[in-house]
Amino acid sequence: MSVTIKSEHELEKMREAGRILAIVHDEMAKIVRPGISTMDINRKGEEVIRSFGCIPSFLNYNGYPASICVSVNDEVVHGIPNKKRILQEGDIVSLDAGVIYEGYHSDAARTHAVGQISDDDQFLIDITKQSFFEGIKYAKAGNHLYDISKAIQDFVEANGFSIVRDLVGHGIGKNLHEEPQVPNFKPIGRGMKLRPGMTLAIEPMVNAGAFEVWVLEDDWTVVARDGKNSAHYENTILITEGEPEIFSYREGLA
């Protein structure tokens with residue numbers, strides 16, 4: 001397994017990619033409301049990405065046809081935006097986006113309420129986000145990769161939800177997906193030792209029901225097999241000797 005340790009020059013580019021991506025998410029969040037289409041969100045996201053002179057990471061990635069993955073309710077990830085898919089009061093919507101800045105990627109996801117949502121769905125969103133922060137408590141040099149995975153799984157399951165196992169986080173840098181894979185559940189073993197300069201996309205995907213998923217006929221959209229809602233939260237982070245640095249998150253922004 002070849003894991004790249006980023007130079008300071010590379011990290012500066014990734015920081016900027018992350019800073020821009022935080023703004024992209026903030027701008028998309030502002031338009032999430034009943035009555036807009038998932039394509040409207042895609043258009044807004046791409047417009048903001050390109051306004052910074054950046055390229056959407058996802059557009060045409062392995063054939064994916066859009067710039068923003070927009071996944072509604074029981075759609076876990078990789079929902080394809082559609083002008084006919086209109087958000088309704090009470091929906092939840094997960095937005096996954098990536099930015100390429102001068103050849104380097106950032107990757108982040110957020111789940112939003114559409115109008116007023118149920119307390120159960122709000123709890124699902126909150127636990128999913130917090131599970132990321134529980135995981136990265138262990139994201140520091142000298143710890144092992146699966147320390148992060150175990151912390152995410154333990155927190156999610158302690159709160160009555162399940163963690164998706166068929167999809168994982170990943171290394172990131174010049175490529176959107178690099179080694180290592182970062183499971184959100186604890187595999188056998190401890191995983192590799194974390195080293196300063198590693199950059200990871202940590203992304204818990206949490207189901208209200210069981211963890212099993214399947215893929216729709218479009219070959220992209222992953223849904224919860226039992227039809228219950230799912231939430232997603234992700235940031236691009238840097239491993240340091242101390243606390244991890246989060247590139248795609250800013251206080252006051254999404």
Practice item. State whether a side-chain donor-acceptor pair under 3.5 Å links His170 with Asp107. Key: yes
Review point. Will you find, in the side chains of Asn235 and Arg110, an N or O donor that is under 3.5 Å from an N or O acceptor?
Key: yes
Review point. Are Tyr249 and Phe133 close enough that their ring centers fall under 6.0 Å?
Key: yes
Exercise for review: Spell out, yes or no, whether Ile31 and Val114 are grouped together once hydrophobic residues are joined by side-chain heavy atoms under 4.5 Å, including indirect joins.
Suggested key: yes
Exercise for review: May I ask you to decide if the ring planes of His177 and Tyr61 are parallel, tilted or perpendicular, using 30° and 60° as cut-offs?
Suggested key: tilted
Check your understanding: If you count the non-hydrogen atoms of other residues, nucleotides and ligands that lie under 6.0 Å from CD in Glu8, is the total more than 12?
Key -> yes
**Study point:** Note: Arg43-Glu47 ion pair, threshold 4.0 Å (strictly below)
**Key:** no
Check your understanding: Under 6.0 Å from the CZ atom of Phe52, do we count more than 12 heavy atoms belonging to anything else shown?
Key -> yes
Check your understanding: What do you reckon, is NZ of Lys186 surrounded by more than 12 foreign heavy atoms closer than 6.0 Å?
Key -> yes
Check your understanding: Near Lys6 NZ, under 6.0 Å, is it more than 12 heavy atoms from other residues, nucleotides or ligands?
Key -> yes
Practice item. Return the orientation label for the Phe123 and Phe161 ring planes: parallel under 30°, perpendicular over 60°, tilted otherwise. Key: tilted
Please tabulate, for side-chain N and O atoms in residues 205-215, each donor-acceptor pair with protein atoms closer than 3.5 Å (sequence neighbours left out).
| unit_1 | atom_1 | unit_2 | atom_2 | d |
| --- | --- | --- | --- | --- |
| Asn207 | OD1 | Ser230 | OG | 2.7 |
| Asn207 | ND2 | Ala210 | O | 3.0 |

Review point. Does the side chain of Ser94 come under 3.5 Å of the side chain of Ser71 through a donor N or O and an acceptor N or O?
Key: no
Check your understanding: Tyr233 and Glu203: side-chain donor and acceptor closer than 3.5 Å?
Key -> no
Check your understanding: How about Ser57 and His105: does a side-chain donor come under 3.5 Å of a side-chain acceptor?
Key -> yes
Review point. Going by an N to O cut-off under 4.0 Å, is there a salt bridge joining Lys129 and Asp126?
Key: no
